[in-house]
Number of protein chains: 2
Amino acid sequence: MQKVIDYLKKWDNLLLLTHVRPDGDTIGSAAALCRALRDMGKTAYLLYNPEITATYEPYAAPYWAEDGFVPEHIISVDVAALSLLPENAAIYQDRIALAIDHHPSYGGFAAEAYVDPSAAAAGEIVYGIITQLTPITPAIALPLYVAISTDCGCFVYANTTARTHRIAAALMEQVDVSAVNKALFRTKSKVRLAMESRMASEMELYDNDRVVVMSIPLSLREEMHATEADIEELSSLAALVEGTDCGITLRELKPGTVKISVRSGPRIDACAACRKIGGGGHRAASGATVEGTMEQAKQAILAAVAEVAGA
Amino acid sequence: MQKVIDYLKKWDNLLLLTHVRPDGDTIGSAAALCRALRDMGKTAYLLYNPEITATYEPYAAPYWAEDGFVPEHIISVDVAALSLLPENAAIYQDRIALAIDHHPSYGGFAAEAYVDPSAAAAGEIVYGIITQLTPITPAIALPLYVAISTDCGCFVYANTTARTHRIAAALMEQVDVSAVNKALFRTKSKVRLAMESRMASEMELYDNDRVVVMSIPLSLREEMHATEADIEELSSLAALVEGTDCGITLRELKPGTVKISVRSGPRIDACAACRKIGGGGHRAASGATVEGTMEQAKQAILAAVAEVAGA
């Protein structure tokens, strides 16, 4: 920790990297850290993430790097592996000076790393760093709240700790988060409600009804005219089904490529299962992207889950 | 506050009353207070609530009053009006010594009242009281967490404050709440998923698509073979629809009786609207029970909402 603080005090001209299919934690944490570094008088940017959605764009927009910016120090935020960097980050991947992450599967690609798997979100780690550097202002508190709240499902997932709540309390003393809560956790588009209805009505149960599989084929997306925002975080739906302890969501990214998400209870190590097919993440929430048909992807993850459950 | 503390230190043989259609807050708060009073060496019970559901029964079960218990002091918890007491509480309604509540519409029926409308849940008030009386044990922390988390939608509703999070942190240091979070907020029965699908597909929009109405007629309940637990808190679904700021849920309790729930954003004072038709509650979440058909109930609440919105 102290080494990281010393680096951040010393460094200037920083570029922050976020992960593919950016979520609230990677964007919110990077935006908050960028704001804090600027408050310290430094030049700092986020590398543009080509997959940014309308949901998180407002938090990152003030910080996207200008064309021609030549960074001295590269920091990755919430990135567990180099393969999770967007394509435009490839030119920086060999010289990442610092990785800030909370994934137990962090791949050790950076010169220095501050990895705390007990943190519910990278945002918790970034909060701890920023409090050592500069005051928490509303402009820092808002993206940090987004980071933390999205990664713990607004304080409902098992990764939520007393520390998570205490940080949320401190952030809420700086900024009103009710509009954020409403937008991120209490709003569903009509298309999304319709997609959830379809996914629920077509769900399949396996392993004595303990494993549920929901599918989002490209055809469903097209039929519903769904945007990227409509299907964000849809993988949390499968984890809701009563009587199951392993919710698998298959999303066809393009013909022949399937993104698999696994949410699991204590019986199943989702991270171990996903590692078997080239992915990773957390024990209770992991993912992998595989080549093949939806059916092949389903068989692959069901086999991996069965192996892990039997282990 | 100090007067309430003095009373509770002095009183013995206490009976705690909860409200009709009991939710996590009334049951959890009363159970926690009862446990605390017993930890202080007192005799204390909850009056049996005939509408208790399987969801909250485990928290109340250790405290239901035995037959023949003759209380000296009656305390109501999270009860805004005498009309919200279950029928078996009628014999006590003229001698309620203390009301602990957080509803702005609290009706002033008790000899003494500790009402704090800024509290997200009655559980927040009870937490403050208990910390002045006896240590917070796991047996107190668990029902208190249930009370607070259910009334703020697991820290997502606009009533959530920094204080709410700080209390949650203190409770989580006493007890593991992950199983509670999973059961209360991350589990939906297959019947419930099917009911939500139907309600969403049949929702009606009014007032330039800003007001959404969802319906749970008795016929739908029967068709789905839904239990009381399957339809608990279904009123939160209407508040999710993107583009709306007023979600109305009509639930046919029995032929000719409709329970109306209103969840609203800043434009609509749900409490004022519900008061017009004999109900009440909070500014953003209120309810009323009316006589008439589903259609009559809908027209009545739509008219009340329109009046309030125009005011």
Side-chain angles (χ1 to χ4, degrees), chain A residues 149 152-174 176-201 203 205 209 212 229-230 236-237 239-245 247 263 265-266 284, chain B residues 149 152-174 176-201 203 205 209 212 229-230 236-237 239-245 247 263 265-266 284:
Chain A
S149 62
C152 65
C154 205
F155 312 98
V156 74
Y157 297 154
N159 60 356
T160 308
T161 66
R163 173 174 67 169
T164 316
H165 280 289
R166 239 181 259 105
I167 295 173
L171 299 175
M172 286 177 71
E173 272 162 359
Q174 291 299 321
D176 182 353
V177 301
S178 56
V180 166
N181 280 347
K182 172 73 180 153
L184 294 181
F185 306 110
R186 302 295 303 160
T187 301
K188 291 184 181 181
S189 67
K190 297 175 192 83
V191 168
R192 190 191 179 93
L193 284 167
M195 288 199 70
E196 289 190 355
S197 295
R198 183 75 77 83
M199 288 166 67
S201 68
M203 67 186 179
L205 293 163
D209 293 354
V212 57
D230 289 325
S236 59
L237 185 65
L240 294 177
V241 185
E242 189 176 37
T244 68
D245 66 355
R263 302 287 178 270
Chain B
S149 62
C152 65
C154 206
F155 312 97
V156 74
Y157 297 154
N159 59 356
T160 309
T161 65
R163 173 173 67 168
T164 316
H165 280 288
R166 239 181 261 105
I167 295 173
L171 299 175
M172 286 177 72
E173 273 161 358
Q174 291 300 320
D176 183 353
V177 302
S178 56
V180 166
N181 281 346
K182 172 72 180 153
L184 294 181
F185 306 109
R186 301 295 304 160
T187 301
K188 291 184 182 182
S189 67
K190 297 176 192 82
V191 169
R192 190 192 178 93
L193 284 166
M195 287 198 69
E196 290 190 354
S197 295
R198 183 74 77 80
M199 288 166 66
S201 67
M203 67 186 179
L205 293 163
D209 293 354
V212 58
D230 289 325
S236 59
L237 184 66
L240 293 177
V241 186
E242 189 176 38
T244 69
D245 66 356
R263 302 287 179 269

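Predicted, not measured: the structure shown is a model, and the values here were computed from it. Letters go in sequence order (proteins before strands), and every chain restarts at 1.
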When the 4.5 angstrom heavy-atom criterion is applied to A/A194 and chain B, the contacting part is neither
Counting heavy-atom pairs under 4.5 Å with chain A, the top scorer among B/E196, B/R192, B/K182, B/R166 is B/R166
Of the listed A/A158, A/A200, A/A239, the one with the largest count of heavy-atom pairs under 4.5 Å with chain B is A/A239
Checked B/R186, B/R198, B/K188, B/M172 vs chain A; the most non-hydrogen pairs under 4.5 Å come from B/R186
Of A/L240, A/N181, A/V241, the largest count of non-hydrogen pairs under 4.5 angstrom with chain B goes to A/L240
Item checked: Heavy-atom side-chain contact between B/L205 and A/K190 under 4.5 Å -> yes
Cut-off 4.5 Å, heavy atoms of chain B, and the answer for A/S236 is both
Sorted by chain and number, sequence neighbours left out, side chain to side chain donor-acceptor pair (under 3.5 Å) with A/D176 holds for A/S178
If one checks every heavy atom of A/S189 against chain B at 4.5 Å, the contacting part turns out to be both
What orientation do B/F155 and A/F155 show, parallel under 30°, tilted 30 to 60°, or perpendicular over 60°?
perpendicular
Sequence neighbours excluded, the answer for side chain to side chain contact (heavy atoms under 4.5 Å, CB included) partners of A/S197 is B/S197
